[in-house]
Trainee: 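Would you mind keeping the following structure in view while I ask a few things?
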Amino acid sequence: MHKVIIIGSGPAGFTAAIYAARANLSPLVVASSVEVGGELMNTTEVENFPGFPEGVMGPDLMAKMQEQAEKFGATVAYDDVTAVDFSGDIKSVTLGSGVTHEAEAIVFATGSAPRKIGIEGESRLSGRGVSYCATCDGFFFREKAIAVVGGGDSAMEEATFLTKFASKVYVIHRRDELRASKIMQDRAMANEKIEFVWNSEIVDILGDDAVTGVVLRDTVDGSTRELDLEGVFVAIGHDPRTHLVHGVLDLTEHGTIWVDGRTSKTSVTGVFAAGDVIDDTYRQAVTAAGSGTIAALDLEHYLAGRGDAGSPAVDAAEIDGLPAAV
């Protein structure tokens, strides 16, 4: 039986693994059979992760996180969790291979997945002009014409942010009115770099090695036309990967896993959650990593209370030499 099982291998999962492993808890990380490293594996250069002034490739960053976790004693299983049982004092997870592992504590860090348009060219050109994160990739589109797909607050926020870099931002929306709040609409509509393309949907993304344009279909009359672009940002929402814990853990109105305040404690004792699966707002690699830290510290306190921790738990305020609050 394990002390800790961590489900997920993105920044939250591997950061939790680093902390747990350094506490001599020998965590098992169930990393997935095909998506080890999470969404950063689909990102090219990451320039906003602290400590990399020259930038770092997403896959390289995740490989370093995994290497660091394994250095301190974490074990990585390249398999998928197909079922969980959190009902008892000892938790269990069943893998696709049929093997069941038990642990005293669980960290659920499965992340979230951006909703996709589901059209030709989208997957092929992901990371080559198709993006799902303006703050991650906007810098690479300086003085380029790009499009944002969507009509909600996230789309308006991304379109406005991207005007800092792009020469032109088209907002492509299926209807003739937005779902976004009035203040977000007004801000986007007042920006001279933003042009709205109403009653339109992208039916194809053009380009061989990079985006060169899109094919638009008019949702009213069905006519099609091409629009020259060098980037497409899809902003139609994210879905937290919570399918394994529906009916097991409490969820928020946004579909993320509920946690108690600023902690990682879920509605089930001994189960902690971290990263994008609890975050419907920020969804950044660095915030996910911080969330993974919180989960590891929380579970260490939990195990210490059971008398099972591998090393004495520390108060969060004692990290890096800071005195604990009194």
Side-chain angles (χ1 to χ4, degrees), residues 10 32-49 52 54-63 111-151 154-155 157-174 193-219 221-239 283-285:
S32 171
S33 60
V34 295
E35 295 181 333
V36 180
E39 289 300 312
L40 278 185
M41 299 301 289
N42 299 319
T43 303
T44 52
E45 193 169 7
V46 179
E47 294 190 318
N48 56 3
F49 198 90
F52 296 91
E54 303 302 321
V56 59
M57 299 297 286
D60 293 340
L61 177 60
M62 295 318 304
S112 67
R115 292 177 193 155
K116 298 186 178 181
I117 306 171
I119 57 173
E120 173 62 27
E122 183 179 15
S123 297
R124 176 170 51 84
L125 294 170
S126 178
R128 295 181 173 86
V130 174
S131 174
Y132 303 89
C133 179
T135 55
C136 304
D137 299 328
F139 180 82
F140 301 109
F141 293 86
R142 287 187 178 276
E143 299 305 315
K144 295 182 179 180
I146 60 177
V148 173
V149 182
S154 295
E157 184 176 1
E158 296 223 337
T160 302
F161 175 81
L162 288 166
T163 60
K164 296 179 180 181
F165 310 103
S167 59
K168 182 78 172 183
V169 178
Y170 295 95
V171 174
I172 299 172
H173 189 45
R174 292 174 52 86
K193 282 190 175 183
I194 296 177
E195 179 178 333
F196 287 85
V197 183
W198 302 108
N199 296 320
S200 297
E201 60 182 357
I202 298 178
V203 294
D204 198 4
I205 299 178
L206 307 174
D208 294 325
D209 299 319
V211 171
T212 59
V214 297
V215 177
L216 298 176
R217 179 169 60 203
D218 190 297
T219 57
D221 62 24
S223 62
T224 61
R225 66 184 179 97
E226 292 187 8
L227 179 64
D228 292 336
L229 296 169
E230 294 182 79
V232 177
F233 286 79
V234 182
I236 55 178
H238 283 71
D239 293 314
R283 295 192 300 269
Q284 299 295 303

Trainee: Locate the shortest heavy-atom distance separating Ala159 from Val171; write the atom from each residue and the value.
Mentor: CB-CG2, 3.8 Å

Trainee: Answer yes or no: is there a donor N or O on one side and an acceptor on the other, between the side chain of Arg115 and the main chain of Ile236, under 3.5 Å?
Mentor: yes

Trainee: Provide the closest heavy-atom pair for Leu61 versus Val56 in the form atom of the first, atom of the second, distance.
Mentor: N-CG2, 3.9 Å

Trainee: Which heavy atom of Val232 sits nearest a heavy atom of Val149, and at what distance?
Mentor: CG1-CG2, 4.0 Å

Trainee: Step by step, would you call Tyr170 with Leu227 a side-chain contact (heavy atoms from CB on, under 4.5 Å)?
Mentor: CA-CA 10 Å; Tyr170 295 95; Leu227 179 64; 4.0 Å; yes

Trainee: How many angstroms lie between atom SG of Cys136 and atom CZ of Arg283, to the nearest 0.5 angstrom?
Mentor: 10.0 Å

Trainee: Would Ile202 and Leu216 count as a side-chain contact (heavy atoms from CB on, under 4.5 Å) here? Give the steps.
Mentor: CA-CA 5 Å; Ile202 298 178; Leu216 298 176; 3.7 Å; yes

Trainee: Pair Arg124, Arg128 - check side-chain contact (heavy atoms from CB on, under 4.5 Å), show working.
Mentor: CA-CA 8 Å; Arg124 176 170 51 84; Arg128 295 181 173 86; over 6 Å; no

Trainee: For the backbone of Trp198 and the side chain of Ser200, can you confirm whether one donor and one acceptor N or O come within less than 3.5 Å of each other?
Mentor: yes

Trainee: Flag this pair as yes if the NZ/CZ of Lys164 is under 6.0 angstrom from the six-membered ring centre of Phe161 and inside a 45 degree cone about the axis; otherwise no.
Mentor: no

Trainee: Do Thr219 side-chain atoms and Arg174 backbone N/O form a donor-acceptor pair below 3.5 Å?
Mentor: yes

Trainee: Looking only at heavy atoms, what is the nearest atom pair of Glu158 and Ala235, with distance?
Mentor: OE1-CB, 4.2 Å

Trainee: Can you list everything that forms a salt bridge (Lys or Arg N to Asp or Glu O under 4.0 Å) with Lys144? Sequence neighbours excluded, please.
Mentor: none

Trainee: Indicate the atoms forming the closest heavy-atom contact of Asn48 with Gln284, along with that distance.
Mentor: ND2-OE1, 3.8 Å

Trainee: Hey, what do you get for CG (Leu162) to NZ (Lys168), rounding to the nearest 0.5 Å?
Mentor: 14.0 Å

Trainee: Do the side chain of Glu122 and the main chain of Lys116 share a donor and acceptor less than 3.5 angstrom apart?
Mentor: no

Trainee: Please collect all side chain to side chain donor-acceptor pair (under 3.5 Å) contacts where either partner lies in residues 222-232, sequence neighbours excluded, each pair once.
Mentor: Asp221-Ser223

Trainee: Should Val203 and Ile119 be marked as a side-chain contact (heavy atoms from CB on, under 4.5 Å) after you check the CA-CA gap, both sets of side-chain angles, and the distance that decides it?
Mentor: CA-CA 6 Å; Val203 294; Ile119 57 173; 5.5 Å; no

Trainee: Nearest 0.5 Å, what's the CG-CD1 distance between Asp137 and Ile146?
Mentor: 10.5 Å

Trainee: Are Phe52 and Val46 packed together at the side-chain level, in the sense that at least one heavy-atom pair is separated by less than 4.5 angstrom?
Mentor: no

Trainee: Sub-3.5 Å donor-acceptor pair from the side chain of Thr160 to the main-chain atoms of Glu157, do we have one?
Mentor: no

Trainee: Is there a donor-acceptor pair closer than 3.5 Å between any side-chain N or O of Ser131 and the backbone N or O of Phe233?
Mentor: no

Trainee: Which atoms form the tightest heavy-atom contact between Gly207 and Leu125, and what is the distance?
Mentor: O-CD1, 3.8 Å

